[in-house]
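Structure first, then comments.
For clarity, every value in this text was computed on a predicted model and none was experimentally measured.
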Amino acid sequence: MKYQCFAVLSGLLWQTATAQHVADSAAFAKVAASVKTVPAINKNTRQLPLPTAPAGYSLQLKGTDRLPVIDQQGRITTPLVDAPVSLYFVLQRHQDNAQMDVPNITVTVPGKYATNTGNPRPFVIPALREWCGGKGSYTLPATPALVIDPRDTAALLPGVTVFKEDLQLLTGIQHISIRTGQPRKGDIFFSLQSTDPQLGKEGYQLEIAGDIRIQATHAQGAFWATRTLLQILEQDGQHRHIPQGITRDYPKYAVRGFVLDVGRKFFSMAFLRHYVKFMAYYKMNDFHIHLNDNAFEKFFGNNWDSTYSSFRLENNTFPNLTAKDGSYSKKAFIALQDLADSCAVKIIPEIDVPAHSLAFTKAVPQTASLLYGRDHLNLDSASYDMIDKVFREYLQGPEAVFKGDEIHIGTDEYSKKEAEKFRAFTDHYIRYVESFGKKVRMWGSLTHAQGTTPVKSAGVTMNAWYNGYADPADMMRQGYDLISTPDGWLYIVPAAGYYHDYLNIAKIYQQWEPNMIGEAVFPMGHPQIKGGSFAVWNDHAGNGITEKDVHDRVFPAMQVLAEKMWNGHTTQSDYQQFATNSRSIGEGPGLNMRAKITSKDTVALHYDFSNNQISDISGNSRAALEQHRVVISQKQTLVLQGGNSYVKTPLTEVGYPYSIEFDIKPDADNRPGAVIFSSPNAVVTLLQQETGKLGFSREGYHYHFNYTLPVGTWTHVKLTGNNKGTSLFINGQLTEKLEGAMRSFPNIKDKNAIIQTLVFPLQMIGDTVNAFKGEIDNLKVIQTR
C-alpha cells in the first residue's frame, strides 16, 4: 500500500496552468479516491456507464487494461467468458482544471459462455486471456494442411511458412502442405477477416474442433496463435493432440521486451537468430540490441587506451570503428531483421551516445571529452559530425540497414554538469533520426540532466530504468511514453555482485508488472506505459561468461516476464503451479541452447564399447552415429589414434547440471591440446604434452585443472558441471573445483568474478584434427533434473 500512496501523492497530479502548484493535493487525492464504482454492466451493455463525478468535478476514461473488452472510448466487446477489466479514470476539477488520477476501478464484463465448462484451459506461456472449453481433442492428421484465406495470402504466408517449419521440427511430420482456399476436416485455417476488430494488432481468436480456425485482424496476431498451438503440442507426449475449445487471446501490454548488451560481450549472429525464435515462442515482441559500450576504466589500469570497448556493426564511413573481436555485417543484420519480421518480433537497434561512447572516441579521438573521460563524447562539432554520419549510414536510402520503424539513441548517464549541452544533443538526435522516417526511443536522463533547453517528447518513447535519472511521472507529464525497465527488478548483470545474477522470478511473478517503475506505481491501463523490458548488461567484460551462461539466466526470466507482460497478475496467477508446469515448455521447436536431454532416467547415454557398433546401453537408443579411425580393442575399450580420429554421438552437448564419467588411459605421445571431447562450442583437452593436465576451452577462454593424467595407466574421471563452475573427481575423490575464482586489480579493492562453467561437449569423442591418443572406456552421461 505504501507504493500506491507514494504514487498518488508524488507524481500523478497532472500539469495544467496551476495544477503543479495546488496546495491541497492530499485533499484532491481523497476526492479522487471516493470514486469507487461503475454502474452494473450486463450482457447487452455496449458502452461503459461512467461513475458519477463529485460535484464540481468531471471524469474522463483514460485507459483500460483489457482494451479488446473495453476500449479507451468505453466501447464494450463481449468476451468469451466473464472478464475483469481495470478502468483508469482521471478526475478534473472545474475551478482550476487540475487533474488527478482515480485509483483503478475493476468491473466484470459478462461473457458469451459460461465459465469453467468443458475442457480446462490448456497451460501455455503466456496464459490464454479468454478460454471456453469444448469436449474431446483435435488430432493432427498424418499429413496436415495449412490453409490460408485467399484474401490474405501475401500477409500470412511468411508466418505460416515459419509455422510449417516449426511443426515439422516438433512433430517429425515432413509432409505438411500449405495451400489457399477453404478448410477441410483436420486442416488448420488462417484468416485476417475477423469480425472482431477490437482484437487489435496482436490479438487472435482460435477455434479448435474437427479443424482449427485462426482469425485475426493482423498477421502478427495470427502468428501468435501458432505459438499457442506449438506449446500445447509440445506438452502432448505424441505431439498430436490439442483440447477442443475457443480462445480469444491478446496482450495486456503492447511492448514485451528484452535488452541485450552485445557491446561489452560479443554474441554471435547465430545466438541473436536463436533469440528471435526463442522470444517469439513466448510472444515476446521486442528485441532491443545494445550495439556499443565499454568496460570500466578502473579494471584496465585507469588507461582509456586499454579499456575494452566495441561497436558491433560493419561501418564503411569509419572502418576502424567496427570491433575486431566480433561484429555483424550489414547483410547479416538485415537478415536478422527479416527473420524477426517473419516471427512477429521487432528488432530495436541501439547506438548509445553520448556516454558509453569509448568505441567512437577511439575511432575519432577529437570527439572525446577531456573533462569527463573518453567514454564521453565532447558534445562539440566533431561529435555531431561523426554521430550524424554513423546514424546516416544505417538509416538512409530505400534499403536502410535499420529496417524497423524505431531506433534507440541511448542518451544515458552523461555528466550532469553539461546538462544543457546534453539536452541539446538529445533533442538533435531525436529530430535527426525522425528525419529518416523513424520513431525514437531513448534512456533520457532528463531528471538527472535538468535544464531549460527543450527536448522533443511527442512521439518519443523512453526506457524508464532508474527514477533518479528519469522520474517516470514527470516524464509522462512532459509527454513521453514509457517502457518500464526498472533496474532493481529487471537488470541481470552476470556475476557482478550487484543488481541480479539471476532475477528473483518468484517475486516478479507474484508482485511485479509494468505499471511499477522503481517505487512508483501507476494505474493499470495507463496509455503512456507501453509495456516492459528486462535486460542483460555485461558490465564485467572478459569475466569468462559465455552465451550459454547468459541464456541460463535469461530462460527462466523470459518465461515469467512473458506471463507478466501478456497477462499481468490475475486471479489464476499461482507461482508454484506456474513453476511446475513451465518445466514442460522449452525454447521452441528445434531450439535447445540449454542442452537439455530427454531420457528414461538420469542416465542419458552409456557406452561400454562392448561391440564395434558402439551401442547405447542406457536404454535411450543413442548409438554412435559415425566412427573414423577408431577401433574397439580386444578388451572392449575405445582406441583413439590422434589426428583425425573420432566417434560422433547423437548428443551435441550436455547442459547444467551434469556428471560425465569415463575411464581413460593416455598414450605417452599425445600432442599439446589433444582433444578428448569436442563440440562446435567447446573442447575438453590434455593441455600440455609434458604435463597432461586436463582442461577445457569455450568462447576463447581456457581453463585447466591442476591435475596430470598418468600415462599408460587407467584413471576413472568424473567431471561435474553446474551454473557456478566445473569440478573434477579422480577415482571417486574430489580433486579440484573450478568455482568462485576472483580476479584482482592493481591499486583498487574491486574484484571481478572469473566464470569457469562448461556446457559439456559431446558431439565427438576425439577430434578431426588433434584427437587424443589412447583408450577410453565406460563413458556415462548423467543429466540431473
Side-chain angles (χ1 to χ4, degrees), residues 123-129 159 162-163 166 200-204 218-231 234 249-262 267 271-290 336-337 339-350 404 406 408 441 461 463 483-486 489-492 503 505 508-509 512-514 529-536 550-569 578 582 585-591 593-594:
F123 179 81
V124 294
I125 303 173
L128 303 174
R129 301 298 299 278
V162 172
F163 178 50
D166 289 341
K201 186 176 181 180
E202 295 189 273
Y204 64 92
H218 292 74
Q220 191 169 7
F223 187 80
W224 292 149
T226 69
R227 305 303 92 182
T228 295
L229 294 175
L230 289 167
Q231 284 196 14
E234 180 183 2
D249 197 22
Y250 40 81
K252 185 171 185 177
Y253 294 95
V255 176
R256 304 176 303 284
F258 171 61
V259 182
L260 182 63
D261 169 15
V262 305
F267 290 82
F271 182 96
L272 301 186
R273 292 178 69 87
H274 184 117
Y275 257 54
V276 165
K277 297 176 183 178
F278 166 49
M279 289 178 63
Y281 199 52
Y282 288 96
K283 303 185 180 80
M284 294 285 278
N285 64 357
D286 201 269
F287 189 9
H288 174 164
I289 302 175
H290 181 81
L336 175 69
Q337 294 166 90
L339 173 67
D341 289 344
S342 70
C343 295
V345 174
K346 178 185 284 191
I347 299 292
I348 306 295
E350 178 188 355
E406 288 192 84
H408 204 293
R441 291 193 191 175
T461 301
N463 285 88
I483 297 171
S484 178
T485 320
W489 285 96
L490 302 184
Y491 273 19
I492 298 170
L503 294 185
I505 57 174
I508 290 169
Y509 186 94
W512 183 84
E513 65 176 278
I529 296 178
K530 297 303 181 182
S533 200
F534 72 110
V536 169
V550 170
H551 184 59
D552 193 65
R553 288 155 171 78
V554 171
F555 178 81
M558 190 73 73
Q559 289 189 317
V560 165
L561 285 158
E563 176 66 26
K564 299 304 292 185
M565 295 181 193
W566 187 272
N567 278 290
H569 196 79
F578 177 89
S582 66
I585 301 179
E587 300 167 38
L591 306 180
M593 193 181 295
R594 296 180 301 151

Item to check | From OH (Y250) to CG (N567), nearest 0.5 Å | outcome: 9.0 Å
Checklist entry - Rounded to the nearest 0.5 Å, how far apart are CG of N463 and CD1 of I348? => result 9.5 Å
Next on the checklist: Does V345 form a side-chain contact (heavy atoms from CB on, under 4.5 Å) with M284? I'd like the steps, not just the answer.
Outcome noted: CA-CA 7 Å; V345 174; M284 294 285 278; over 6 Å; no
Next on the checklist: What I want to check is whether the side chains of Q231 and Y282 have a donor and an acceptor closer together than 3.5 Å.
Outcome noted: no
Next on the checklist: Would you say T228 and K283 are linked by a side-chain donor-acceptor pair, where the criterion is simply a distance under 3.5 Å?
Outcome noted: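 Their side chains do contain a donor-acceptor pair, which is all the 3.5 Å distance test asks for.
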Hey, does [Y] have a side-chain heavy atom less than 4.5 Å from the side chain of [X]?
X	Y	result
C343	V162	yes
P589	L230	yes
L490	I508	yes
M565	E513	no
V259	F287	no
R256	P251	yes
L561	L503	yes
W512	H569	no

Test side-chain hydrogen bond (donor to acceptor under 3.5 Å, both in side chains) applied to [X] - qualifying residues, sequence neighbours left out:
X	answer
Q337	none
D286	R441
S342	none
N285	E202

Checklist entry - Do any N or O atoms from the side chain of S484 and from the backbone of G532 form a donor-acceptor pair under 3.5 angstrom? => result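 The answer is no, because no donor-acceptor pair under 3.5 Å joins these two groups.
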Item to check | Under 3.5 Å donor-acceptor, R129 side chain and W566 backbone | outcome: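 Between the backbone of W566 and the side chain of R129 there is a qualifying donor-acceptor contact (under 3.5 Å).
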Next on the checklist: A quick test of your reading: do over 12 heavy atoms of other residues, nucleotides or ligands sit less than 6.0 Å from NZ of K201?
Outcome noted: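 Count not over threshold, so no.
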Item to check | Worked check of side-chain contact (heavy atoms from CB on, under 4.5 Å) between I529 and I483 | outcome: CA-CA 6 Å; I529 296 178; I483 297 171; over 6 Å; no
Next on the checklist: Among residues at least two apart in sequence or on other chains, which ones pass side chain to side chain contact (heavy atoms under 4.5 Å, CB included) with E234?
Outcome noted: L170, Y281, I585
Item to check | A225: partners by side chain to side chain contact (heavy atoms under 4.5 Å, CB included), with sequence neighbours left out | outcome: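 For A225 the side chain to side chain contact (heavy atoms under 4.5 Å, CB included) partners, ignoring immediate neighbours, are Y204, I214.
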Item to check | salt bridge (Lys or Arg N to Asp or Glu O under 4.0 Å) partners of residues 555-565, not counting sequence neighbours, each pair once | outcome: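 Of all non-adjacent pairs touching residues 555-565, none passes salt bridge (Lys or Arg N to Asp or Glu O under 4.0 Å).
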Checklist entry - What class does the angle between the rings of F534 and F258 fall in, given that below 30° is parallel, 30 to 60° is tilted and above 60° is perpendicular? => result tilted
Looking at residues at least two apart in the chain, or sitting in another chain, which of them share a salt bridge (charged side-chain N to carboxylate O under 4.0 Å, His left out) with [X]?
X	result
D552	none
R553	D501
D249	none

If you look at every heavy atom in [X] and [Y], which pair is closest and at what distance?
X	Y	result
I505	P556	CD1-CB, 3.8 Å
S533	G257	OG-C, 2.9 Å
A340	I347	CB-CG1, 3.6 Å
Y253	P514	CE1-CD, 3.4 Å

Next on the checklist: Please determine whether a side-chain nitrogen of the Lys or Arg among D166 and R227 lies less than 4.0 Å from a carboxylate oxygen of the Asp or Glu.
Outcome noted: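 Counted as a salt bridge, because a side-chain N and a carboxylate O are separated by less than 4.0 Å.
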Identify all side-chain donor-acceptor contacts of residues 272-279 below 3.5 Å with residues at least two apart in sequence or on another chain.
residue: H274; atom: NE2; partner: E587; partner atom: OE1; Å: 2.8
residue: Y275; atom: OH; partner: H551; partner atom: ND1; Å: 2.6

Next on the checklist: H290: which residues meet the ring-ring contact (aromatic ring centres under 6.0 Å, His included) condition with it, sequence neighbours left out?
Outcome noted: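 ring-ring contact (aromatic ring centres under 6.0 Å, His included) check on H290 returns W537.
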Item to check | Pair F271-M593, side-chain contact (heavy atoms from CB on, under 4.5 Å): steps then yes or no | outcome: CA-CA 9 Å; F271 182 96; M593 193 181 295; 3.4 Å; yes
Item to check | CA sep, side-chain torsions, deciding dist, call: S582, I125, side-chain contact (heavy atoms from CB on, under 4.5 Å) | outcome: CA-CA 8 Å; S582 66; I125 303 173; 3.7 Å; yes
